[in-house]
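Have a look at the structure below before the remarks.
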Number of protein chains: 2
Amino acid sequence: MDRSSFLQLPFLRDLNETTAVALLANVKQRSPRKWTTLIKEGEFPDFLHIIVDGFVELFSSHNDKEVTFEIAEPASPLFLTAVMCGGVSVYSARTITPSRILMIPAQDVRDLCKRDPLFAQTIINRIADGYNRSLRDIKNIRLCSNFERAANWILQTGRSQDNNGRIELKFGKAKLAALLGMPPETLSRSFALLREHGVRSFGRTIIIENMFALAKMCHAKKTL
Amino acid sequence: MDRSSFLQLPFLRDLNETTAVALLANVKQRSPRKWTTLIKEGEFPDFLHIIVDGFVELFSSHNDKEVTFEIAEPASPLFLTAVMCGGVSVYSARTITPSRILMIPAQDVRDLCKRDPLFAQTIINRIADGYNRSLRDIKNIRLCSNFERAANWILQTGRSQDNNGRIELKFGKAKLAALLGMPPETLSRSFALLREHGVRSFGRTIIIENMFALAKMCHAKKTL
DNA sequence: CGCACGCTTGATGCTGCTCAATTTGTGTGG
DNA sequence: CCACACAAATTGAGCAGCATCAAGCGTGCG
């Protein structure tokens, strides 16, 4: 994969070309295999990472327990706030699939941000996105039952991946459970209940037989 | 209160003087009484608000239930991300004490951010702070019991307000409960249990008789 | 004096976590 | 291609935390 195709990545695509080229001046690339830890919470990231391919779990540990904040997808920048503030990462990151990742020296990002107000705005937008997402997560945790969170996730994912109500999981159900903040057993039970609402799952494929009914059920309960 | 004293506020203090003066060019001021709603979630804030005096609850509602994200203190900027991204506020805001608030036109903030890289950096730092705080909250919700969250809040607040282990609540216990994400009854029960660990409370005063013991207890359980 | 509000305490039921036992699925080597 | 081993997913039983409903106090204010 070469420079020109990097410029197609959403994060870089939004920048004007000279900015993007400047960012890529000292870019490195790595292709970590599954279960590679990219960084541990409390460490300083030397590079802004951008996922080209694969999925990366962002999580935090305490007393042998883990909390999963997010499963980052291709095109997501990682450690953006830590890089921009010159601080440590507040989460650990590990690949949960084989991945390909761009690495841009932290100093380059900071320098460019200082010189290019448009880039600064892009960065602000990205950080704000993450912030808003985490606030939405808090609201979800507080107001929705496990079952409702699972139902909503399936509904929303089924809508965005518009394969006609068919979802292909990119990772195991256990990771989905972690993302939704519950143990695998509980997610499994939720799936069992959802079967009565027209949701079947075969391995990593989930099929929503009646999207409209599911939407109505979610709304009747509590949709955010 | 006049201009020169505004410049002492932490948010403005970090800026160089010309920047701060520019920000204050079109500043307005209001002094809402208790229980005034400043904005409702989904609305566009026309002004960046900065609390001079008083406390403001940031919350979100759904189906007659509320989630409190934060109780903002004097010097906190409100709606910063919405203003910078030109989007809507994702939370509602209401005063929970009589307050005094500065209002800076949103467009002024955006313009200045574009012209002044240092100001842009300050904004990034602020948004990142909020982001990190919300991630810490998620971790707390997921890993700590209600009792533990209450104990940790008292410990940390007792340390920062270093009145020698004496805490003066600026609002009722019910709001503290909301901030910690539990009903008032549960907070009350937590206080009852904490009495056995040397924490007394009289009205809005909380006294930690043995800070060290409390810290040890928190650590034995799970401190974040 | 009495009403309202904030806080506490008690009793009850539900949600969801934990532990444990199967069952299903997957990949490997004979 | 089958047999086996291992991991992933499901199902069941029991229990703890916590929300909810409801009642009892104390304090302040009209």
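Only this structure's heavy atoms are used, side chains among them; waters, hydrogens and symmetry mates stay out. Lettering of chains follows the sequences in order, A, B, ..., and the numbering in each one begins at 1.
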Less than 4.5 Å apart, side chain to side chain, heavy atoms only: is that true for [X] and [Y]?
X: B:R126; Y: B:T81; answer: no
X: B:M103; Y: B:Q29; answer: no
X: A:T95; Y: A:R33; answer: no
X: A:F44; Y: A:S89; answer: no
X: B:R30; Y: B:R100; answer: no
X: B:F55; Y: B:F171; answer: yes

task: Any chance you could lay out the side chain to side chain contact (heavy atoms under 4.5 Å, CB included) test for B:I154 and B:L214, step after step, and finish with the verdict?
output: CA-CA 9 Å; B:I154 291 170; B:L214 182 61; 4.2 Å; yes
Give the rounded distance in Å between these two atoms: [atom1] of [X] and [atom2] of [N].
X: B:L169; N: C:dG6; atom1: CG; atom2: P; result: 14 Å
X: A:D64; N: C:dT18; atom1: CG; atom2: C1'; result: 16 Å
X: B:F202; N: C:dC7; atom1: CZ; atom2: C1'; result: 15 Å

field: Heavy-atom protein contacts under 4.0 Å, nucleotides 24-30 of chain D, coded B base, S sugar-phosphate only, - none
entry: -------
message: Base contacts versus sugar-phosphate-only contacts with protein, heavy atoms under 4.0 Å: please encode nucleotides 6-20 of chain D as B, S and - from 5' to 3'.
response: ---SSBBB----SSB
task: Would you check, one step at a time, whether the test salt bridge (Lys or Arg N to Asp or Glu O under 4.0 Å) holds for A:E168 with A:K170?
output: CA-CA 6 Å; A:E168 291 294 335; A:K170 311 292 200 314; over 6 Å; no
- request: For the residue pair A:H197 and A:F147, categorise the inter-ring angle as parallel (less than 30°), tilted (30 to 60°) or perpendicular (more than 60°).
  value: tilted
field: A:K173 charged N/C atom sitting above A:F191 aromatic ring, 6.0 Å / 45°
entry: yes
field: Between the first and last five pairs of the helix from C:dC1-D:dG30 to C:dG30-D:dC1, the angle of the axes, rounded to 10 degrees
entry: 30°
